[in-house]
Amino acid sequence: MKASLAHFLMIFALIMTASGNAQSQQDVPSIIPKPMKAEWKKGVFRLPSEVTVCYNSGAAASADWLVKLLKSTSSEVKKTEGQNCGNFSMLINDELKEQLGEEGYKLSVNSKGVKMQAATNAGLFYAVQTLRQMFPAAIENQKLQEGISLKQVEITDKPIYAWRGSMLDIARSFFGIDYLKKHVDRMALYKMNRFHLHLSDDQGWRIELKNKPKLTAIGGKSSVKNGRSGYLTQEEYKELQEYAAARNIVIIPEIDMPGHTYAALLSYPELNCDNYANLDPQRALPPAHYQEYRVGWSRLCTERADTYDFVSEVISELAKMTKGPWLHIGGDEIDDEHYKEFVIKADSIVRENGKTAIGWEEVTQAPVDSSFISQRWNGRTKSVVNTRIIESICSSFYFDHANVPGQPHTNNWCNKEGVSLKDAYNFETDDQNVIGVESAVWSEFVVSDDMADNRLWPRNIAVSEIGWTPSEKRDFDDFTGRLGRQGARLDNL
Ligand code: TNX
């Protein structure tokens, strides 16, 4: 008798735990990246037919985002400046800086309404993104029916890393402003905040510079085989930056130097060394475009002083049109006896123009300034300096590699099986120099918007969670459960 009671209790406990787990997965909204702390409650907040967004001074921009979201519900939406003036309140509070940092927020839903607090508008913007994921997926592309309830919750959330990036190569094959804006929208939903544009390479030059018009007139007309040519005008670049900034995303422009420079050398042939000694092997010669895939054969004529005039003019115009504090100077995959000297000079030109330089990891062979940020991609560089690091190690973050083994039109030099969602998600580091993570999509084979969507999503969502959620809170099975439930949202987008 006793034994069977114990047996019964044990089975009961097992059932309870199993259903408890099932509840934690199914009955609470799927939020990605996973918040630092979320306490879900039993009750709900039923959305009334009229809602008021009540915000304090300083939170006006964030209030507009909330109004925009709520306008996709059937409720009538009003907006009032003040404290305690409505059922959706948004407060900027400087005193929360210590607890929540630059990007953290508190979101609380109880039976009376929703309250969002942060020290910054970035934090409030992220509170809105979390709230957005608590609404049915239909909110992404249609007006919701009435009868919506939000689950009650207390969330306190902030990211572990300040750098949660996505790099897109628009040089090998071009992506225009419409796609880039769409990409910004998707990044914002998942709280990513750095958009790195690889703007120049052997196959094309993609940014208009008024003091160097041939870069786009000539270099903008070529692309990789089967790829798209084109370039961003300065107006488009500025428009993209504004669009991104409103969503807490900084654009980082990259001009890759001194290697990967054939499109520039084609546009201004006088930049080449005598007899094109800087092209080795000579895979192309002006006026021919280069449309192939090989790297490491072109370089600026680093032995000539006027090369640095060109570098200065390019950097100075780019710095003037760039809102963010960073300029990426490339620096990858080139063998050049003047390489270190070039990197040091380019770094100081960037700093003279009021920006901080970023470069691919090879730059750390040179004794760069302590402000320099290096971007790790293969981890093989023998560094002479300790810099801050953006982690883009190819085995986890190179999304030009296959999602699944054998996927066509993918690179495979880093891992011949590709880079799976799990390879991305399971990345961990305890390197104290790492300031964040960034995925990279190179476009030798990514020649359409659909292909870019396929390479970026959903793997970039794994990057978003690695950049935001502490590793002890991450679990691949839990992540894929939440990710599956984002499917309808992504489809609607
Ligand atoms: C390496 S990693 C490159 C790119 C290529 C990519 C292809 C790095 C800094 N440079 O030039 O597009 O491999 O996977």
Please work out which of the three classes, parallel, tilted or perpendicular, describes the rings of F476 and Y425, given edges at 30° and 60°.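 The arrangement is tilted - the two ring planes meet at 30° to 60°.
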Would you call the rings of F45 and F88 parallel, tilted or perpendicular, where under 30° means parallel and over 60° means perpendicular?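 Judged by the thresholds at 30° and 60°, the geometry between F45 and F88 is perpendicular.
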Can you list everything that forms a side-chain contact (heavy atoms from CB on, under 4.5 Å) with A118? Sequence neighbours excluded, please.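 Expected list: Y105, L124.
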How far apart are the closest heavy atoms of V363 and V368, and which atoms are they?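 Closest pair (atom of V363, atom of V368, distance): O-CG1, 3.9 Å.
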Among residues at least two apart in sequence or on other chains, which ones pass ring pair (Phe, Tyr, Trp, His ring centres under 6.0 Å) with F399?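 Listed in chain order: nothing, the list is empty.
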Would you say that [X] contacts [Y] through its side chain, given a criterion of any heavy-atom pair below 4.5 Å between the two side chains?
{"X": "P159", "Y": "R164", "result": "yes"}
{"X": "I329", "Y": "I255", "result": "no"}
{"X": "T322", "Y": "Q241", "result": "yes"}
{"X": "V434", "Y": "Y161", "result": "yes"}
{"X": "I139", "Y": "T73", "result": "yes"}
{"X": "M116", "Y": "L91", "result": "no"}
{"X": "T387", "Y": "D369", "result": "no"}
{"X": "D256", "Y": "D332", "result": "yes"}

Within a 6.0 Å radius of atom [atom1] on [X], are there more than 12 heavy atoms belonging to other residues, nucleotides or ligands?
{"X": "K181", "atom1": "NZ", "result": "yes"}
{"X": "K41", "atom1": "NZ", "result": "yes"}
{"X": "N84", "atom1": "CG", "result": "no"}
{"X": "E146", "atom1": "CD", "result": "no"}

Do the ring centers of [X] and [Y] come within less than 6.0 Å of each other?
{"X": "Y126", "Y": "W468", "result": "yes"}
{"X": "W442", "Y": "W377", "result": "no"}
{"X": "W326", "Y": "H196", "result": "no"}
{"X": "F427", "Y": "F397", "result": "yes"}

Can you check salt bridge (Lys or Arg N to Asp or Glu O under 4.0 Å) on D478 and K473, steps first, answer last? CA-CA 10 Å; D478 170 71; K473 293 224 132 199; over 6 Å; no
Would you say the side chains of [X] and [Y] form a donor-acceptor pair under 3.5 Å?
{"X": "T130", "Y": "K191", "result": "yes"}
{"X": "Y398", "Y": "S439", "result": "no"}
{"X": "H260", "Y": "D201", "result": "yes"}
{"X": "T364", "Y": "S383", "result": "yes"}
{"X": "S62", "Y": "N121", "result": "yes"}
{"X": "N211", "Y": "E317", "result": "yes"}
{"X": "N248", "Y": "N193", "result": "no"}
{"X": "Q486", "Y": "S30", "result": "yes"}
{"X": "Q375", "Y": "S392", "result": "yes"}
{"X": "Q407", "Y": "N454", "result": "yes"}
{"X": "S166", "Y": "N460", "result": "yes"}

Given R46 and V44, is the side-chain contact (heavy atoms from CB on, under 4.5 Å) satisfied, shown in steps? CA-CA 6 Å; R46 276 179 227 294; V44 296; 4.0 Å; yes
Lys NZ or Arg CZ of R228 over F175 ring: under 6.0 Å, within 45°: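 Pair R228/F175 counts as cation-pi.
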